[in-house]
There are 2 protein chains.
Amino acid sequence: MPDATVARLPEYLRTLSRLAERGIHSVSSEELAAAVGVRSAQLRKDLSHLGSYGVRGVGYEVETLALEISRVLGLTGDWPVAIVGMGNLGRALASYSGFVTKGFRIVGLFDDDPHLEGEQVGGITIRPLHELAAQVEEHPIAIGVIATPSRAAQDVCDSLVAAGVASILNFAPVTLTVPVSVDVRRVDLSTELQILAFHAQRRALAAAGLNERGDRRGDDLIDAHQHLGPVVSR
Amino acid sequence: MPDATVARLPEYLRTLSRLAERGIHSVSSEELAAAVGVRSAQLRKDLSHLGSYGVRGVGYEVETLALEISRVLGLTGDWPVAIVGMGNLGRALASYSGFVTKGFRIVGLFDDDPHLEGEQVGGITIRPLHELAAQVEEHPIAIGVIATPSRAAQDVCDSLVAAGVASILNFAPVTLTVPVSVDVRRVDLSTELQILAFHAQRRALAAAGLNERGDRRGDDLIDAHQHLGPVVSR
DNA sequence: CTCACTTTGTGCATCGCTTCACAAACGTCT
DNA sequence: AGACGTTTGTGAAGCGATGCACAAAGTGAG
């Protein structure tokens with residue numbers, strides 16, 4: 001299954017759940033694609049990787065399709081999660097409702113700051129990182145979330161890997177080194193901001209009638225603020 | 001410039017900054033690529049889009065390259081940021097140090113909860129969203145960050161767009177509808193977890209000697225925990 | 001049953017990104 | 001100056017994802 005498809009499945013699932021809440025039981029690829037913000041051909045090709053769950057001339061049954069995507073993504077199982085680093089971000093994550101909704105369950109909170117030890121967040125007690133191994137003995141951990149400062153991230157990662165955690169979600173802005181069998185995904189606010197800044201700068205230069213080098217262009221000035229163009233779903 | 005390249009530039013910049021801190025002034029594409037976790041050919045092709053900043057037979061000067069990437073990403077400018085939604089996540093973002101480091105400056109915090117109005121976070125006073133327009137009059141906002149619950153996200157987005165904000169970073173798990181001229185990037189914890197879960201499930205099935213349908217495979221069982229394989233940078 | 005209409009699933013062309021492989025360019029050593 | 005080793009920058013090939021266009025498969029009406 002293509003990575004690009006896997007990355008879109010959660011979007012499809014979320015949109016399907018929303019449709020189900022609204023009491024909609026059937027949807028065409030055209031409608032669903034519009035709601036998600038992709039082309040209908042792409043949606044159909046993506047879904048074709050799951051098997052044949054649509055009915056020609058009719059569309060897809062919302063509940064069936066949602067269940068199938070859940071199954072493929074592994075959300076029918078139970079995924080115990082540990083969060084390491086209980087600063088602002090760690091707390092935000094620990095109290096994030098999105099965790100509980102779909103098979104993810106927080107079973108451990110870790111931080112080496114002695115001031116935090118013993119404190120409870122969302123009913124879970126914060127423990128020092130060296131207790132990770134013991135924790136894993138009792139309750140295995142499938143996914144580790146790193147919400148520590150950058151300098152601690154690699155050490156924390158090594159501890160997680162040593163404890164047998166094979167899936168890591170890294171919020172620290174560093175490239176982690178891990179065995180190939182360990183799956184790491186990084187979420188980085190600052191990278192996202194920089195990408196936005198790049199495009200914003202391009203727009204600003206274009207709107208000022210300048211090219212990338214800062215030279216004047218020949219064409220007329222455009223007040224971009226007045227001409228936002230057609231709407232799209234992102 | 002390819003989107004994929006733009007997405008990697010922040011990584012390169014971060015790694016270069018780290019090298020500069022360590023007093024390293026020159027680096028080859030091979031070394032830098034290894035530190036970032038990409039192939040050297042890819043790094044060179046990416047950098048070639050910026051112009052010719054390397055010296056054949058020698059490598060790249062760290063400071064020069066870092067400055068050039070900063071310039072291309074627009075980080076030499078000043079990007080005023082507003083955060084909407086002052087829950088756990090909004091607070092984590094507001095106190096995130098990565099903001100200040102590279103040209104990003106928080107100039108507004110908004111939340112419609114009357115209990116939060118007037119409270120200060122990081123020296124900035126929380127204001128209700130309807131004051132956004134007035135705020136923009138005084139101090140323009142280049143980037144809007146949506147850290148609200150999903151149900152409020154589209155309305156908040158509309159307000160930001162109406163106020164002239166053309167770059168939006170969305171942490172709410174919804175697809176926003178905006179004019180084409182507005183740039184939206186989404187960061188979604190729950191999507192990332194689901195992608196991790198998908199791969200984890202695959203590994204689990206493979207390790208158990210099963211294929212995707214749950215049937216037994218013919219080959220021998222492998223204890224994946226004992227064979228983590230070579231290390232890679234992610 | 002047959003026809004008209006709708007919508008899926010997919011072969012195929014296309015596009016964009018990655019990787020390879022090498023000539024060009026630079027420093028160094030003799 | 002010339003030969004040698006190193007590393008960049010880049011055509012070209014390779015590869016995966018996207019978008020098009022249509023046959024296949026379904027529904028419903030007459």
Side-chain angles (χ1 to χ4, degrees), chain A residues 1-12 15-16 19 24-66 68-69 72 175 191 195 198-199 202 232-234, chain B residues 1-12 15-16 19 24-66 68-69 72 180 191 195 198-199 202 232-234:
Chain A
M1 167 133 24
D3 283 355
T5 295
V6 175
R8 281 186 294 268
L9 289 182
E11 314 298 320
Y12 300 158
T15 304
L16 285 168
L19 291 176
I24 297 171
H25 296 284
S26 179
V27 69
S28 72
S29 64
E30 207 69 53
E31 295 163 340
L32 183 54
V36 174
V38 300
R39 306 245 167 219
S40 65
Q42 174 144 271
L43 174 63
R44 288 199 299 276
K45 182 144 291 189
D46 283 342
L47 295 185
S48 76
H49 290 290
L50 311 182
S52 196
Y53 290 90
V55 180
R56 296 176 192 228
V58 177
Y60 300 88
E61 210 212 332
V62 173
E63 286 80 1
T64 309
L65 188 54
E68 180 57 22
I69 294 178
V72 169
T175 302
T191 297
I195 296 172
F198 172 82
H199 291 296
R202 288 207 134 196
V232 288
S233 292
R234 301 248 170 91
Chain B
M1 167 134 22
D3 284 354
T5 295
V6 175
R8 280 185 295 268
L9 289 181
E11 315 298 321
Y12 300 158
T15 304
L16 286 168
L19 291 176
I24 297 172
H25 297 284
S26 179
V27 70
S28 72
S29 65
E30 206 69 52
E31 295 164 339
L32 184 53
V36 174
V38 300
R39 306 244 167 223
S40 64
Q42 174 143 271
L43 174 65
R44 288 198 300 277
K45 180 138 291 191
D46 283 343
L47 295 184
S48 76
H49 290 290
L50 312 183
S52 195
Y53 290 89
V55 180
R56 294 174 192 230
V58 178
Y60 300 88
E61 209 211 332
V62 173
E63 287 80 2
T64 310
L65 188 54
E68 180 56 21
I69 294 178
V72 169
V180 284
T191 296
I195 295 171
F198 171 81
H199 291 296
R202 289 207 133 195
V232 288
S233 292
R234 301 252 169 89

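Chain identifiers are assigned alphabetically (A, B, ...) following the order of the sequence lines, protein sequences preceding nucleic acid strands; residue numbering begins at 1 within each chain. Keep in mind that this is a model prediction, so the values were computed, not measured. Heavy-atom basis, side chains included; hydrogens, waters and symmetry copies ignored.
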**Student:** Can you measure from CG (B/Leu16) to OH (B/Tyr60) and round to the nearest 0.5 angstrom?
**Tutor:**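 Atom-to-atom, B/Leu16:CG and B/Tyr60:OH are 10.5 Å apart.
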
**Student:** Do you know the tightest heavy-atom contact between A/Ser29 and A/Ser40?
**Tutor:**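 Smallest heavy-atom distance, with atoms named: O-CB, 3.9 Å.
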
**Student:** Rounded to the nearest Å, what distance is computed from the CD atom of residue A/Gln42 to the C1' atom of nucleotide D/dG16?
**Tutor:**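 That distance rounds to 12 Å.
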
**Student:** Which atom names give the shortest non-hydrogen contact between A/Val27 and A/Leu32, and what distance separates them?
**Tutor:**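 Heavy atoms of A/Val27 and A/Leu32 come nearest at CG2-N, 3.8 Å.
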
**Student:** Mind checking what makes side chain to side chain contact (heavy atoms under 4.5 Å, CB included) contact with B/Val58, not counting sequence neighbours?
**Tutor:**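 Side chain to side chain contact (heavy atoms under 4.5 Å, CB included) list for B/Val58, sorted by chain: B/Ser26, B/Val55.
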
**Student:** Applying side chain to side chain donor-acceptor pair (under 3.5 Å), name anything that partners A/Ser233, two or more places apart in sequence or on another chain.
**Tutor:**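 Here the qualifying residues are B/Thr177.
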
**Student:** If you look only at pairs with a residue in residues 28-41 of chain B, which of them pass as a salt bridge (Lys or Arg N to Asp or Glu O under 4.0 Å), with sequence neighbours excluded?
**Tutor:**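 Pairs touching residues 28-41 of chain B that pass the test: none.
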
**Student:** Categorize A/Ser40 for me: base, sugar-phosphate, or nothing, with a 4.0 angstrom heavy-atom threshold over every strand shown.
**Tutor:**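 It contacts nothing in the nucleic acid.
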
**Student:** With sequence neighbours excluded, what pairs up with A/His25 under the side chain to side chain contact (heavy atoms under 4.5 Å, CB included) test?
**Tutor:**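 If we apply the side chain to side chain contact (heavy atoms under 4.5 Å, CB included) test to A/His25, skipping adjacent residues, the hits are A/Glu63.
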
**Student:** Summarise protein proximity over nucleotides 22-30 of chain D in one line of letters, 5' to 3': B for base, S for sugar-phosphate only, - for none, counting protein heavy atoms closer than 4.0 Å.
**Tutor:** -BBBSS---

**Student:** Figure out the CG/P separation between A/Leu43 and D/dA17, and round it to whole Å.
**Tutor:**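 So the two atoms are 17 Å apart, to the nearest Å.
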
**Student:** For the residue pair B/Leu9 and B/Ile69, what are the closest heavy atoms and their distance?
**Tutor:**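 The pair with the smallest heavy-atom distance is O-CG2, 3.8 Å.
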
**Student:** Distances under 3.5 Å between protein N/O atoms and the N/O atoms of nucleotides 2-4 of chain D, please, pair by pair.
**Tutor:**
none

**Student:** Please confirm whether the shortest side-chain N or O distance from B/Tyr53 to OP1 or OP2 of D/dT7 is below 4.0 Å.
**Tutor:**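 Indeed not, no polar side-chain atom of B/Tyr53 lies that close.
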
**Student:** In whole Å, what is the span from the CG atom of B/Leu47 to the P atom of D/dT8?
**Tutor:**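 Nearest whole value for this atom pair: 9 Å.
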
**Student:** Show me, pair by pair, the donor-acceptor contacts under 3.5 angstrom made by side chains of residues 1-8 of chain B, not counting sequence neighbours?
**Tutor:**
from	atom 1	to	atom 2	distance (Å)
B/Thr5	OG1	B/Asp46	OD1	2.7
B/Arg8	NE	B/Tyr12	OH	3.4
B/Arg8	NE	B/Asp46	OD2	2.7
B/Arg8	NH2	B/Asp46	OD1	3.1
B/Arg8	NH2	B/Asp46	OD2	3.3

**Student:** List, with names and distances, any nitrogen or oxygen atoms from the protein found under 3.5 Å away from nitrogen or oxygen atoms belonging to nucleotides 11-13 of chain D.
**Tutor:**
from	atom 1	to	atom 2	distance (Å)
D/dG11	O6	B/Lys45	NZ	3.2
D/dA12	N6	B/Lys45	NZ	3.2

**Student:** Taking side chain as C-beta onward, heavy atoms only, is A/Val36 less than 4.5 Å from A/Leu43?
**Tutor:**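 A side-chain contact is absent here, since even the closest heavy-atom pair is not under 4.5 Å.
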
**Student:** Between D/dG16 atom P and B/Asp3 atom CG, what is the distance in whole Å?
**Tutor:**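 In whole Å, D/dG16 P lies 21 Å from B/Asp3 CG.
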
**Student:** Test of understanding: with side chain to side chain contact (heavy atoms under 4.5 Å, CB included), list the residues that count as partners of B/Ala35, not counting sequence neighbours.
**Tutor:**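 If we apply the side chain to side chain contact (heavy atoms under 4.5 Å, CB included) test to B/Ala35, skipping adjacent residues, the hits are B/Thr15.
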
**Student:** Please report the interatomic distance CD(A/Gln42) to CG(A/Leu47), rounded to the nearest 0.5 Å.
**Tutor:**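 Output value for this atom pair is 10.5 Å.
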
**Student:** Could you tell me if the side chain of B/Leu65 sits less than 4.5 Å from the side chain of B/Glu61, heavy atoms only?
**Tutor:**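 With C-beta onward as the side chain, the pair stays apart.
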
**Student:** If the condition is side chain to side chain contact (heavy atoms under 4.5 Å, CB included), which residues does A/Glu68 pass it with, not counting sequence neighbours?
**Tutor:**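 Here the qualifying residues are A/Leu50, A/Tyr53, A/Arg71, A/Val72.
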
**Student:** With the threshold set at under 4.0 Å for non-hydrogen atoms, list the residues of residues 24-35 of chain B touching DNA chain D in residue-number order.
**Tutor:**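 B/Ser28, B/Ser29, in order of number.
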
**Student:** At a heavy-atom distance below 4.0 Å, which nucleotide of DNA chain C is the first touched by chain A, and which is the last?
**Tutor:**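 Under 4.0 Å from chain A, the extent on DNA chain C is C/dT6 to C/dC12.
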
